[in-house]
Amino acid sequence: SIQVGQFYEPFSLEMMCSTFDIRFNQSPGAVLALTNGRRMGITYSYRNKRHYMSGGAFMDNEVNNLKKASHGYALDGRVVYRPVLDSKKLIHIGFAANYRTPNESLNEEDKNIFIYKSPGVSTIDNRNIAMATIDHAAYQIKFGTELLVYYHRFCLQSEYIRTHVERDNAFKNYVAQGAYLQCSWLLSGETYLYDESVACAGRPEGKSLEVCSRFNYLTLNDEDAAIWGGEQKDISIGLNYYINKYIGIKLNYSYLMPGASIKEISRKNFSVFQGRFQFIF
């Protein structure tokens, strides 16, 4: 298949999933900080029962932010191997890579920088718990690994993402990284769906009650580069009720443990409760 328009780059299992299909109300901070939103671009994808491959080229602009035109671009690739795939069992192993150039055409204040930021566990509050601005950037390379396992009513999902920024003018290169591990179990219901077309996790099949847990870690600190963007660790638990394949209710509790150089929200440990009633057409 060929896709053209504004959509997510093929990088990260979690980012490829619909918000209805992710286990928690918000994606983990490691994914929010180290991946990108929707961009203008083109991708080619191929799949069969065991394999999925996708590659694309993207502009650095979003459609709703064309006033700051950029000459930056990105190249993405993602491959997935599924040694096990049937109605109630799945093993999904993936790898993704990204190459991106900065905004060279912008004014002196905005050009040749990359910004990484995480709002914690909720984007309702626009403040960031961790944020790093990398100046004098030449290019960025990102790598990600992903694992997804289904076994009847059990689901395990995990990713690790590492970002490297090459910098000009003898500035030290910058490295950031993050990972998460989450598990979920269906108290009622049969199994989980899986979207082979984009190789990502789906919602539970039919009417279901689900409990889930997640640990997330993110660091935007790099001592060698003398950049202190902050560190984030959090533990989340959730209870999700899917009335049918169109309507869901999600309740989440998260305990955040801010690390060194935290930005705006809090330097002390704190809790967040979230609820969501969600429906799709």
Side-chain angles (χ1 to χ4, degrees), residues 1-24 27-28 30-31 34-36 38-39 41-58 74-99 142-162 179-210 212 214 240 242 244-246 248 280-281:
S1 64
I2 297 176
Q3 185 176 9
V4 180
Q6 178 174 255
F7 49 90
Y8 285 110
E9 299 173 39
F11 187 96
S12 170
L13 166 64
E14 179 82 359
M15 289 300 286
M16 299 302 294
C17 295
S18 162
T19 55
F20 192 87
D21 294 337
I22 62 177
R23 305 276 78 86
F24 291 88
S27 295
V31 172
L34 301 179
T35 62
N36 294 305
R38 294 179 175 88
R39 294 289 188 269
I42 180 172
T43 63
Y44 170 79
S45 301
Y46 167 82
R47 68 179 174 93
N48 56 34
K49 183 175 176 62
R50 299 298 179 196
H51 306 90
Y52 169 88
M53 294 176 284
S54 182
F58 294 82
L75 302 174
D76 292 81
R78 179 172 175 248
V79 295
V80 171
Y81 174 56
R82 298 178 285 244
V84 176
L85 176 61
D86 62 34
S87 61
K88 294 187 178 181
K89 298 177 185 178
L90 166 73
I91 298 178
H92 159 129
I93 302 167
F95 176 81
N98 166 276
Y99 172 86
K142 291 191 295 188
F143 299 101
T145 60
E146 51 191 64
L147 174 67
L148 179 64
V149 176
Y150 289 171
Y151 186 77
H152 297 274
R153 295 183 173 186
F154 174 77
C155 173
L156 180 146
Q157 179 177 324
S158 181
E159 291 187 75
Y160 169 76
I161 302 173
R162 183 180 181 90
Y180 71 89
L181 173 66
Q182 69 184 35
C183 299
S184 56
W185 184 272
L186 296 179
L187 299 178
S188 66
E190 294 300 320
T191 188
Y192 291 92
L193 299 174
Y194 178 75
D195 190 346
E196 293 184 45
S197 64
V198 289
C200 76
R203 71 206 67 166
E205 184 177 14
K207 187 175 182 179
S208 304
L209 181 64
E210 175 188 43
C212 45
R214 180 178 74 194
N240 302 327
Y242 298 88
N244 53 43
K245 63 181 179 180
Y246 303 108
I280 60 174
F281 295 99

Return the [atom1] to [atom2] distance between [X] and [Y], rounded to the nearest 0.5 Å.
X      : Y      : atom1 : atom2 : result
Asn36  : Ser12  : CG    : OG    : 10.5 Å
Asn240 : Phe24  : CG    : CZ    : 7.5 Å
Gln182 : Glu14  : CD    : CD    : 5.5 Å
Asp195 : Cys200 : CG    : SG    : 5.0 Å
Leu181 : Leu147 : CG    : CG    : 9.0 Å
Ser54  : Tyr44  : OG    : OH    : 10.0 Å

Do NZ/NE/NH1/NH2 and the carboxylate oxygens of Glu190 and Lys88 come within less than 4.0 Å?
-> yes

Give a yes or no on this: more than 12 heavy atoms of other residues, nucleotides or ligands lie within 6.0 Å of atom CZ of Phe154.
-> yes

More than 12 non-hydrogen atoms from neighbouring residues, nucleotides or ligands closer than 6.0 Å to OH on Tyr246, yes or no?
-> no

Using only atom types and a distance under 3.5 Å, with no angle test, would you say the side chain of [X] pairs donor to acceptor with the backbone of [Y]?
X      : Y      : result
Lys89  : Val84  : no
Glu9   : Asp76  : no
Thr191 : His152 : yes
Ser158 : Tyr180 : yes

To check you understand the geometry: which heavy-atom pair defines the closest contact between [X] and [Y], and what is its length?
X      : Y      : answer
Tyr52  : Ser45  : OH-OG, 3.7 Å
Ala57  : Leu75  : CB-CD2, 3.8 Å
Val198 : Arg78  : O-NH1, 2.9 Å
Ser208 : Leu186 : CB-CD2, 4.2 Å
Leu13  : Ala199 : CD1-O, 3.6 Å
Gly144 : Phe11  : N-CZ, 3.9 Å

Which of Ser184, Cys183, Cys17, Pro28 passes side-chain contact (heavy atoms from CB on, under 4.5 Å) with Arg23? Answer is Ser184

Quick one: are [X] and [Y] in side-chain contact, heavy atoms under 4.5 Å?
X      : Y      : answer
His92  : Tyr150 : no
Ser197 : Arg47  : yes
Cys155 : Leu148 : yes
Ile93  : Thr145 : no

Centroid separation Phe58 to Tyr8 less than 6.0 Å | no

Residues that [X] engages under side-chain contact (heavy atoms from CB on, under 4.5 Å), provided they are two or more places apart:
X     : result
Ser87 : none
Ala97 : Phe95, Phe143
Leu85 : Lys49, Arg50, Arg82, Leu90, Tyr194, Glu196
Phe20 : Ser18, Arg203, Tyr242, Gln278, Ile280

Taking side chain to side chain donor-acceptor pair (under 3.5 Å) as the test, write out the residues that go with Asn244, two or more places apart.
-> none

Can you list every salt bridge (charged side-chain N to carboxylate O under 4.0 Å, His left out) pair that touches residues 148-157, not counting sequence neighbours?
-> none

